[in-house]
Number of protein chains: 2
Amino acid sequence: MNRATAAVVKSALPDTISGKRALATQDAIERVRSSLGRSRLRWSPQREQIVLAFLKQDHITIRGLYGFLNRNGRRAPLNTIYRTMRVLCDNGFAQARRFGEETHYDNISAKGDHDHLICTGCGYIVEFEDPTIEGLRHAVASANGFHLTGRNLELYGLCAVCRVDEHPAVRT
Amino acid sequence: MNRATAAVVKSALPDTISGKRALATQDAIERVRSSLGRSRLRWSPQREQIVLAFLKQDHITIRGLYGFLNRNGRRAPLNTIYRTMRVLCDNGFAQARRFGEETHYDNISAKGDHDHLICTGCGYIVEFEDPTIEGLRHAVASANGFHLTGRNLELYGLCAVCRVDEHPAVRT
DNA sequence: TTTTGTGCAAACTGTTTGCATTTCC
DNA sequence: GGAAATGCAAACAGTTTGCACAAAA
């Protein structure tokens with residue numbers, strides 16, 4: 001790992017979730033399930049576990065999901081996870097974003113376009129929204145005759161913790 | 001190829017270059033050479049060919065360089081190109097940026113930070129600079145206690161050509 | 001003459017696919 | 001019953017590395 005874009009999110013959220021979040025997740029799961037159903041896609045136990053795990057995070061990698069599931073005794077092979085995530089992307093629940101070596105999947109079911117502030121020390125990721133970019137987008141697009149469809153803005157830097165410790169923090 | 005981030009640059013610049021550009025390149029080559037020399041890195045014929053080819057483009061992939069060199073009878077194996085590009089990155093002449101399946105190398109020897117407007121139809125890439133982002137960067141950074149070091153902004157859309165033709169253009 | 005680069009082949013990593021089998025609708 | 005998902009293994013693409021040899025400083 002010696003490319004400029006290093007660092008990987010170490011986000012392993014607690015395996016237990018608060019009542020409030022559990023409800024929100026329950027709700028979201030139901031939305032995914034019926035949406036897939038409408039597209040004649042099916043609902044298997046594996047798929048449910050993967051979607052459930054995915055919906056708990058803001059962004060996660062395939063290996064992250066794989067580890068999470070295994071840790072909780074809900075084993076699923078990598079290719080099944082890949083396939084499920086592709087389905088989620090195709091149906092507008094996830095968004096794939098390449099970062100460093102692997103693809104990160106953003107949970108966009110409950111939020112609009114957002115961008116990322118990434119600590120190159122520990123891999124900590126802050127998501128933010130800023131309307132300022134909209135103006136820029138349209139200015140640049142019209143100046144070049146483009147019809148815009150998407151964007152990806154990543155800001156890199158050192159978080160407060162990593163700036164103080166000379167050694168990068170290990171975020172959980 | 002069915003991920004959101006598709007499309008690859010088809011940029012194969014003319015193999016002959018204008019006198020003006022040739023001079024600029026000659027100049028840049030010399031700067032690279034002496035910079036590497038100062039770091040006790042060496043100057044081989046292969047390296048010269050790779051750097052020469054790289055400096056002619058704004059951004060290119062390893063396979064792009066490989067094809068370019070081969071087309072011009074200056075064969076170089078892939079791993080040599082990879083190693084040379086890493087040297088160029090380490091010494092501030094190139095910048096690696098992952099896009100789609102492969103890594104793109106931006107020629108930053110003669111320009112500052114810039115961003116990309118990318119046509120998802122034909123892979124055409126427009127580079128642009130916009131000071132507006134600076135304000136945004138600092139606002140977001142200070143709000144989150146980050147010390148910024150870099151950024152990457154990609155705007156995706158359809159270029160004028162691809163919007164008219166329903167079929168994507170093949171840019172050269 | 002020592003250190004760095006080259007080039008071939010083999011390894012490695014993230015991701016996809018073929019295919020027989022199982023499961024959902 | 002028929003379409004779709006699973007899970008194993010094998011394939012694949014981009015990239016890196018080990019190593020013997022060649023070449024630059």
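Remember, predicted model here, so these are calculated numbers, not experimental data. Numbered from 1 within each chain, the chains take letters A, B, ... in sequence-line order.
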Can a side chain N or O of Gln46(A) be found less than 4.0 Å away from OP1 or OP2 on dG7(D)? yes
Which class fits the ring pair Phe99(A) and Tyr156(A): parallel under 30°, tilted 30 to 60°, perpendicular over 60°? parallel
Could you tell me how far apart Leu65(A) (CG) and dT15(C) (P) are, to the nearest whole angstrom? 12 Å
Arg40(B) or Arg75(B): which one's nearest nucleotide on DNA chain C is closer to the 5' end? Arg40(B)
Output the single nucleotide from dT6(C), dG5(C), dA25(D) whose closest atom is nearest the side chain of Thr80(B). dT6(C)
hydrophobic_cluster_shared for Val51(B) and Leu65(B), side chain cutoff 4.5 Å: yes
Under-4.0 Å salt bridge between Arg97(A) and Glu102(A): no
Do any side-chain nitrogens or oxygens of Tyr82(B) fall under 4.0 Å of OP1 or OP2 in dT15(D)? yes
Is any side-chain N or O of Ser44(B) closer than 4.0 Å to OP1 or OP2 of dA23(D)? no
Rounded to whole angstroms, how far apart are CG on Asn91(B) and P on dG5(C)? 10 Å
Could you check which of dT15(D), dT16(D), dT15(C) has an atom nearest any side-chain atom of Ile62(B)? dT15(D)
If you only use heavy atoms from C-beta on, which nucleotide in dT16(C), dT15(D), dA4(D) is closest to the side chain of Arg86(A)? dT16(C)
Establish, with yes or no, whether the OP1 or OP2 oxygen of dA5(D) is under 4.0 angstrom from a side-chain nitrogen or oxygen of Arg83(A). no
Does Asn79(B) get its side chain close enough to the base of dT15(D), under 3.5 Å, for a donor-acceptor pair? no
Could you label the plane-to-plane angle of the Phe146(B) and Tyr124(A) rings as parallel, tilted or perpendicular, counting under 30° as parallel and over 60° as perpendicular? parallel
Here the gap from Leu55(A) atom CG to Phe93(A) atom CZ, rounded to the nearest 0.5 Å, amounts to 8.5 Å
Just verifying a value: how many Å separate Leu153(B) CG and Ile133(A) CD1, rounded to the nearest 0.5 Å? 7.0 Å
Calculate the interatomic distance between Glu102(B) atom CD and dT15(C) atom C1'; express it in whole Å. 15 Å
Tyr66(B) atom OH is separated from dA13(D) atom C1', nearest whole Å, by 14 Å
Axis-to-axis angle for the helix from dT1(C)-dA25(D) to dC25(C)-dG1(D), ends of five pairs each, to 10°, equals 30°
Gap between atoms OH and P, on Tyr105(B) and dG14(D) respectively (whole Å): 12 Å
Where do Glu48(A) and Arg74(A) land on the salt bridge (Lys or Arg N to Asp or Glu O under 4.0 Å) test, with the steps shown first? CA-CA 11 Å; Glu48(A) 171 157 340; Arg74(A) 318 189 187 296; over 6 Å; no
Rounded to whole Å, the CZ-P distance (Arg33(B) to dA24(D)) equals 10 Å
In this structure, how many angstroms lie between the P atom of dA22(D) and the CH2 atom of Trp43(B), rounded? 24 Å
What is the distance, to the nearest angstrom, from the CD atom on Gln49(B) to the P atom on dA23(D)? 16 Å
How many angstroms lie between CG in Leu36(A) and CZ in Arg47(A), if you round to the nearest 0.5 Å? 6.5 Å
Can you find a donor-acceptor pair, distance only, under 3.5 Å between Arg42(A) side chain and dA3(D) base? yes
Between dA24(D), dA4(D), dG14(C), which one does the side chain of Leu41(A) approach most closely? dA4(D)
Taking the minimum atom-to-atom distance to the side chain of Thr84(A), which one of dG14(C), dT6(D), dT15(D) wins? dT6(D)
